[in-house]
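Along the sequence shown, residues are numbered consecutively beginning with 1. Both counts, for ligands and for their atoms, begin at 1 and track the order of listing.
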Amino acid sequence: QTGSANTNPSDSADDEYITSVSIGTPAQVLPLDFDTGSSDLWVFSSETPKSSASGHTLYSPSKSSTAKKLSGSTWSIEYGDKSSSSGDVYTDVVTIGGFSVKTQAVESATKVSTQFVQDTVISGLVGLGFDVGNQVSPRPQKTWFSNAANSLAEPLFTADLRHQETGSYNFGFIDTSLAKGTIGYTPADGSEGYWGFTATGYSVGGAKLNRNSITGIADTGTTLLLLPDNIVDAYYNNVESAQYDDSQEGVVFDCSEDLPSFSFGVGGQTITISGDLLNLTPIEEGSSTCFGGLQSSADIGINIFGDVALKAALVVFDLGNERLGWAQK
Ligand SMILES: CSC[C@H](NC(=O)[C@H](Cc1ccccc1)OC(=O)N1CCC(N)CC1)C(=O)N[C@@H](CC1CCCCC1)[C@@H](O)COc1ccncc1
């Protein structure tokens, strides 16, 4: 058995990627953000305060004949960008890309932070990290993918995120036609709940890869490519107008600049992110100053290969073999 779901950028900056998910009987369809950087499936619901819920699609467990309250269970989560949510837990059937998990923990939000209230393009998240990262207490729950893995043809999924066009999340199979290059595999470290891995080196502008390894996570729920300051500086030294903008909290430059590419080595392959994927977006509508897709990870404490990096590749999240595969697109 397999599953295949389309995913679409939320806006012109590819800030988030939205995938439709069916929950309950009859199906209630919600736009959710698939996040390999966390391990909870949570949704805006009939239990979310009305003042916070407006503009969002809601899950109503009372309208689903297959919903069951997981009594006594609660959840609370905070993300890297300081956004947060919390609530109680139901189980229900959850279908993604045609594949159904009958008894999936669906975490219902009774509280959401301002960022989520304002982010009306999504009505929750599907955590695709490792189960160890799940935030339900007293008994942590499994992710949708973990529940699905044993029934899928292969215990893996792939992410094919694209710049300003429809991409896909495929479950249980690898569509190698989505990539140009060979898939290079490297061990994945799931001990922290993330999909951790080590890149073997990097280069700017098509130069030869150096041997400075970078340990980080492959994270579909993070917009940017977040790396150490020395690498960020080495990159922007090639961009004449680049400067740090305090209000934007990142490096900005003239939108007319011809940005160099950025490459990293992984599993014996080289993944090259083109300059135009690294020129994210004008800082404001119509501005000629643009915000960089590569920014510093110094404040976070871990390096994050987010959507800016993932867009350059077909990425295989292989739970069965505890490994990550990367192929140039
Ligand atoms: C340093 S992890 C920052 C990252 N959140 C982002 O990447 C957000 C995503 C976003 C949200 C709302 C609108 C537009 C974009 O976007 C930005 O922060 N930016 C993009 C726009 C840009 N102008 C400013 C910077 C993050 O917490 N991800 C988590 C999932 C995320 C939570 C918020 C909703 C969307 C999904 C997750 O994978 C990683 O969790 C952790 C990482 C490290 N330790 C703990 C948790």
>> Less than 3.5 Å apart, any donor N or O on the side chain of Gln104 or Asp92 sitting next to an acceptor on the other?
In response: no
>> How far is atom 28 (N) of ligand 1 from the closest protein heavy atom, and which atom is that?
In response: Gly221 O, 3.2 Å
>> Please verify the inter-ring angle class for Tyr235 with Phe262; under 30° counts as parallel, over 60° as perpendicular, anything in between as tilted.
In response: perpendicular
>> Using a 6.0 Å cut-off, check whether atom CG of Asp229 has over 12 heavy atoms from anything other than its own residue.
In response: yes
> Mind checking whether Tyr79 and Phe116 have parallel, tilted or perpendicular rings, split at 30° and 60°?
Replying inline: perpendicular
>> What protein heavy atom lies closest to atom 40 (O) of ligand 1? Include the residue and the distance to one decimal.
In response: Gly80 N, 3.6 Å
> What do you think, any protein heavy atom under 4.0 angstrom from atom 32 (C) of ligand 1?
Replying inline: yes
> Do any nitrogen or oxygen atoms of Phe291 lie less than 3.5 angstrom from nitrogen or oxygen atoms of ligand 1?
Replying inline: no
>> List ligand 1 atoms under 4.0 Å from Phe116, heavy atoms only on the residue side.
In response: 33 (C), 34 (C)
>> I need the atoms of ligand 1 closer than 4.0 Å to a non-hydrogen atom of Ile304, numbered in the order shown.
In response: 1 (C), 2 (S)
>> Is the contact between Thr220 and ligand 1 made by the side chain, the backbone, both, or neither, using heavy atoms and a 4.0 Å cut-off?
In response: neither
> Is it the side chain, the backbone, both or neither of Asp33 that has a heavy atom closer than 4.0 Å to ligand 1?
Replying inline: side chain
> Which ligand 1 atoms does Ile300 reach within 4.0 Å, using its non-hydrogen atoms?
Replying inline: 1 (C)
>> How far is atom 18 (O) of ligand 1 from the closest protein heavy atom, and which atom is that?
In response: Asp81 CB, 4.1 Å
>> Minimum heavy-atom separation for Gly325 and Ile183, please, with both atom names.
In response: CA-CG2, 3.7 Å
> Nearest heavy-atom pair of Ser45 and Ala109: which atoms, and what distance?
Replying inline: OG-O, 3.7 Å
> For Leu227 and Leu225, what are the C-alpha separation, side-chain angles and deciding distance, and is it a side-chain contact (heavy atoms from CB on, under 4.5 Å)?
Replying inline: CA-CA 6 Å; Leu227 296 178; Leu225 169 57; 3.8 Å; yes
> ligand 1 and Glu16, any nitrogen or oxygen pair closer than 3.5 angstrom?
Replying inline: no
> Identify the closest protein heavy atom to atom 19 (N) of ligand 1: which residue and atom is it, and at what distance?
Replying inline: Thr223 OG1, 4.2 Å
>> For Val121 and Asp11: C-alpha separation, side-chain torsions, deciding distance, then whether side-chain contact (heavy atoms from CB on, under 4.5 Å) applies.
In response: CA-CA 9 Å; Val121 292; Asp11 57 23; over 6 Å; no
>> Is the contact between Gln248 and ligand 1 made by the side chain, the backbone, both, or neither, using heavy atoms and a 4.0 Å cut-off?
In response: neither
> N/O to N/O below 3.5 Å, does that happen between Asp219 and ligand 1?
Replying inline: yes
> What is the nearest protein non-hydrogen atom to atom 25 (C) of ligand 1, stated with its residue, atom name and distance?
Replying inline: Leu224 CD1, 4.0 Å
> Out of Phe99, Phe130, Phe157, which one pairs with Phe145 under the ring-ring contact (aromatic ring centres under 6.0 Å, His included) rule?
Replying inline: Phe157
>> Just verifying a value: how many Å separate Ile23 CD1 and Lys63 NZ, rounded to the nearest 0.5 Å?
In response: 14.0 Å
> Under 4.0 Å from any heavy atom of Asp119, which atoms of ligand 1 are there?
Replying inline: 12 (C), 13 (C)
> Under 6.0 Å from the CD atom of Glu249, do we count more than 12 heavy atoms belonging to anything else shown?
Replying inline: no
>> Please determine whether any non-hydrogen atom of Ser38 lies less than 4.0 Å from an atom of ligand 1.
In response: no
> Under 3.5 Å between some N or O of ligand 1 and some N or O of Asp35?
Replying inline: yes
> Hey, which atoms in ligand 1 end up nearer than 4.0 Å to a heavy atom of Tyr194?
Replying inline: 43 (C), 44 (N), 45 (C), 46 (C)
> Around Glu240, counting heavy atoms of other residues, nucleotides and ligands shown, do more than 12 lie under 6.0 Å from its CD?
Replying inline: no
>> I'd like to know whether the aromatic ring centres of Phe171 and Trp144 sit less than 6.0 Å apart in this structure.
In response: yes
> What atoms of ligand 1 come within less than 4.0 Å of a heavy atom belonging to Gln115?
Replying inline: 11 (C), 12 (C), 33 (C), 34 (C)
> Which bit of Asp15 gets closer than 4.0 Å to ligand 1, counting heavy atoms only: side chain, backbone, both or neither?
Replying inline: both
> Tell me, which protein residue and heavy-atom name are nearest atom 4 (C) of ligand 1, and how many Å apart are they?
Replying inline: Thr222 OG1, 3.4 Å
